[in-house]
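Whatever order the structure lists ligands and atoms in, that order sets their numbers, starting from 1.
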Amino acid sequence: MSSKLYGLTSLLPAPSPVRVRKAVIVTFGGGARDEETFAPDGQENISNLIKELIPQSTFYTQVVNRGILGHYVATASLATGMYGSISNCASLPPEYPTVFEYFRKDLKCPASDTWVVAPSDGFNRIAESSHRGYGPGSGAGVILPKHLLNAAVPGVTDYEHLLRDNYETRFYAPELGANQFQIQQLEQILKLSLTDFAAHARMLSSPDELSVYIARQLMRELAPSLLWITLHDIDIAHSGSYSLYLEAIRRTDRLCAEMWKEIQDQPEYAGKTAFIVLPDFARDPDLTAGGNGFQHHRTGDHSSRTTWMMALGPGFREGLIVDRAIDSTSLVPTLRSLLGFSPAPAQGKPIEELT
Ligand SMILES: [Zn+2]
């Protein structure tokens, strides 16, 4: 994407000297093409991003993912700052230390201070690596909202639209233990009764709405300093339904705005939180053999690898559009610099406009 091509303009006001104390990261498992988003005919699908969020953000028009284009391995790369090679279909931890492990070890933070909210069984192990010196017990807590729902309303069929695991091949589904673990997460961590949770879930239309509901509840109850949410509704594109794909883009656009509003509305977050949003990668170009363009991410070409990122919060320039290509693994070094934990020599440099 190019800012000149799609009419995005840089406003360039002076940056604020205030530093961030917390970070909320939203990634999308399954990005969208420019045609349905930033191109002139697509902008109506992302009106919250275009009119509200991007004008308040430092916005990168070219974020390149040079790794494997599978959602779990790509999101693990975003969270480790290193391109990994773990199988996208196995229940394996990332090979390299995660941002959650660095954060907790260097800043001596308790487990309650960092959480991942993820849509799919396959993301159950994303918060703790297999790297020596880190591993079990050293990373973030992971909440899989659909597992909470399964535990709260076992066998009830009204909620099937919220329980979809992923839109591609089945991940290996790990044994997560008895429902007691999920019920404990609901009642003791999120402070939700099973009845209230089930009643609220009944009003939601998608797995991502359920994830955002849980994330907001976590923010209200624990106010974690590092919160990572992975959304996945847009990947319904794999079904081949263009209308469902568009609907998911619009919903994701709205949910991003709701998360930013939640940050503004909560005293624990307002004025001290970096809010960073980026898809894990994009989708194939139109007229791709074996798909409808929007449907898959199989080609590995420039279009499927290149996406965007926006950063909002104190210390970031509002309305700055950056067309320089950056690597998607720059996120972890940037978070290190923002939150003040120490750098790892193998990783890249922080993104200069953000730190
Ligand atoms: Zn996908």
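In this view, Lys191 satisfies the side-chain hydrogen bond (donor to acceptor under 3.5 Å, both in side chains) rule with no residue, not counting sequence neighbours.
Among pairs with a residue in residues 130-139, those fulfilling side-chain hydrogen bond (donor to acceptor under 3.5 Å, both in side chains) read Glu101-Ser138, at least two apart in sequence or across chains. Pairs of residues two or more places apart, or lying in two chains, that qualify as salt bridge (charged side-chain N to carboxylate O under 4.0 Å, His left out) and include a residue from residues 53-82 are Arg66-Asp327.
Any protein N/O/S atom under 2.8 Å from the Zn ion (ligand 1) was counted, giving 6 altogether.
Partner of Trp308 under the ring pair (Phe, Tyr, Trp, His ring centres under 6.0 Å) criterion, chosen from Phe281, Tyr60, Phe38: Phe38.
Two rings, from Phe100 and Trp228, have their centers less than 6.0 Å apart.
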| message | Before you tell me yes or no, could you show the steps for Phe28 and Leu278 under side chain to side chain contact (heavy atoms under 4.5 Å, CB included), namely the whole-Å CA-CA distance, both residues' side-chain angles and the distance that decides it to 0.1 Å? | response | CA-CA 6 Å; Phe28 310 157; Leu278 73 165; over 6 Å; no

